[in-house]
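Here the structure comes first, spelled out in structure tokens, and everything after it is commentary.
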Amino acid sequence: MILKKELADAPGLSCVEKYFISWLSRFTDIKKLYGSAFVSLAQVFGDFSRGATYQYYGYLPRLQEVAEENGMVTHTYRPCSAADAMEILRSASDDTLCLMRVNTAFFTRFKRASWREDHYVCVNGDLEWINEYPLSNGIFTAERFKEVFDGALCLYVAQDVTADVPDGVTDAFATQNCTVDKFPFGLNNLEWAIGVLRVTRKRMAVFFENNRQVAQALCEEIELLDKVFFDIRMRQLKEKKGEKTDKSKAHAELCEKMQDVIAAEKRAMEMLNQ
């Protein structure tokens, strides 16, 4: 079973991607998958300025899709009853990643729910489970399993984990245009944009870890992104409490901080181009 720390540390954009990263990392160096795709600062901010949402952001391919396209894994999607699902889980090998789709009843015991309607938890044949958001784990009774099961399993099996994955980052990153015309207005949209950048730059820092200067510049950028992300969360809490804020001023302050992020990214590019 995946551990909480593995899941918390996995730089994924979705619950399935986080389970997948945590699982596949046990078979191979996941770093090669982190170089499979790149999204520029201008692309991210432009997309979220035009109404993109984090939970359905489709510009970047999911790592599980990249891995399957390159022969590293296979997966099956199994619509089934709860009874059949428990039988499938009992017969699955220990090396299989088993994910079950859950319904809204799963979240009745939590204060928070998933962003997407199609949420999955990782489960095994003993009905042990771990959930990515909110991060939690436990063991289902048969009755509880039937209550929260939403009619489908998704099973991943490792194949050629040594397969090469094309580098889709280096050239695109080294030649990107860092000119950002505008930043998303609205805390949610800006938070989503920062969320995508945090995940992708964490992957890139790992992918370029052998280039110390590039990795260091990316780590500095990630630290700045983390601070902006935290700032946004604090401002969102103030809004929920009904505190009056000057939204235009707050947006301007956050955009000013983003200039430091852009500068850090440019430094990483310069190091890569040396």
Side-chain angles (χ1 to χ4, degrees), residues 1-30 32-34 36-37 55-56 58 60-107 113-165 199:
M1 176 56 66
I2 294 170
L3 303 177
K4 277 188 175 182
K5 187 178 188 312
E6 292 176 306
L7 203 50
D9 292 342
L13 291 170
S14 68
C15 61
V16 172
E17 194 170 48
K18 287 195 171 188
Y19 300 132
F20 183 81
I21 291 169
S22 303
W23 168 74
L24 192 64
S25 294
R26 297 182 173 187
F27 299 95
T28 189
D29 184 358
I30 201 77
K32 57 188 173 184
L33 279 174
Y34 293 166
S36 62
Q55 56 269 46
Y56 295 106
L60 285 166
R62 296 297 188 251
L63 297 187
Q64 61 269 23
E65 297 170 357
V66 175
E68 189 156 16
E69 288 171 0
N70 287 278
M72 297 177 68
V73 303
T74 57
H75 92 282
T76 55
Y77 179 74
R78 301 284 297 274
C80 56
S81 67
D84 286 343
M86 285 189 279
E87 184 57 38
I88 292 169
L89 292 170
R90 280 192 290 267
S91 62
S93 73
D94 291 340
D95 290 337
T96 300
L97 175 64
C98 302
L99 307 178
M100 63 175 282
R101 196 173 68 202
V102 294
N103 57 36
T104 55
F106 176 79
F107 296 99
S114 67
W115 286 1
R116 290 179 59 117
E117 295 178 0
D118 55 335
H119 185 72
Y120 288 81
V121 300
C122 182
V123 63
N124 64 19
D126 295 323
L127 302 190
E128 295 176 299
W129 60 268
I130 186 166
N131 180 46
E132 180 269 327
Y133 184 85
L135 186 59
S136 50
N137 59 1
I139 302 176
F140 289 128
T141 62
E143 291 73 20
R144 180 62 176 165
F145 184 95
K146 293 175 183 177
E147 180 184 3
V148 303
F149 181 67
D150 195 35
L153 295 175
C154 190
L155 310 175
Y156 285 90
V157 177
Q159 298 295 330
D160 182 10
V161 295
T162 65
D164 291 329
V165 177
V199 170

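Residues: numbered from 1 along the sequence shown.
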On a heavy-atom basis, which atom in [X] and which in [Y] lie closest, and how many Å separate them?
{"X": "T28", "Y": "V161", "result": "OG1-O, 3.1 Å"}
{"X": "V165", "Y": "S36", "result": "CG1-CB, 4.0 Å"}
{"X": "D126", "Y": "I139", "result": "O-CG2, 3.8 Å"}
{"X": "E17", "Y": "L63", "result": "OE2-N, 2.8 Å"}
{"X": "G71", "Y": "Q159", "result": "O-CB, 3.4 Å"}
{"X": "E128", "Y": "M1", "result": "O-CE, 3.1 Å"}

task = Test side chain to side chain contact (heavy atoms under 4.5 Å, CB included) on C80 and I88 and set out the steps.
result = CA-CA 9 Å; C80 56; I88 292 169; 4.2 Å; yes
State, with a plain yes or no, whether a side-chain heavy atom of [X] is found less than 4.5 Å away from one of [Y].
{"X": "I130", "Y": "K4", "result": "yes"}
{"X": "V199", "Y": "L60", "result": "no"}
{"X": "E6", "Y": "S25", "result": "no"}
{"X": "Y19", "Y": "N131", "result": "yes"}
{"X": "P134", "Y": "F107", "result": "yes"}
{"X": "V73", "Y": "Q64", "result": "no"}
{"X": "K18", "Y": "I2", "result": "no"}
{"X": "L24", "Y": "L33", "result": "yes"}

task = Please assess L97 against H75 for the test side chain to side chain contact (heavy atoms under 4.5 Å, CB included), listing each intermediate value before the final yes or no.
result = CA-CA 9 Å; L97 175 64; H75 92 282; over 6 Å; no
request  = Name the orientation class of the two ring planes belonging to W23 and F27 (parallel below 30°, tilted from 30 to 60°, perpendicular beyond 60°).
outcome  =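 Perpendicular: the ring planes of W23 and F27 meet at over 60°.
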request  = Assign the ring pair F140 / W129 to parallel, tilted or perpendicular, where the plane angle (0 to 90°) is split at 30° and 60°.
outcome  =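 Geometry flag for W129 against F140: parallel rings.
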query = Under the side chain to side chain contact (heavy atoms under 4.5 Å, CB included) criterion, do E68 and T74 qualify, and how do the steps go?
reply = CA-CA 6 Å; E68 189 156 16; T74 57; 4.3 Å; yes
[X] [atom1] to [Y] [atom2] distance, which is reported to the nearest 0.5 Å:
{"X": "S81", "Y": "E87", "atom1": "OG", "atom2": "CD", "answer": "10.5 Å"}
{"X": "D29", "Y": "T162", "atom1": "CG", "atom2": "OG1", "answer": "12.5 Å"}
{"X": "E132", "Y": "S14", "atom1": "CD", "atom2": "OG", "answer": "8.0 Å"}

ask   = Do other residues, nucleotides or ligands put more than 12 heavy atoms under 6.0 Å from R78 CZ?
value =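 No, the 6.0 Å shell around CZ holds no more than 12 heavy atoms from other groups.
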request  = Could you walk me through whether N124 and C98 pass side chain to side chain contact (heavy atoms under 4.5 Å, CB included), step by step?
outcome  = CA-CA 6 Å; N124 64 19; C98 302; over 6 Å; no
inquiry  = Between E143 and K146, does any NZ, NE, NH1 or NH2 come within less than 4.0 Å of an OD or OE carboxylate oxygen?
reply    = no
message = Before we go on, tell me: are the rings of Y156 and F20 under 6.0 Å apart, centre to centre?
response = yes
inquiry  = Checking the side chain of D164 only, and the main-chain atoms of N70 only, is there a donor and an acceptor separated by less than 3.5 Å?
reply    = no
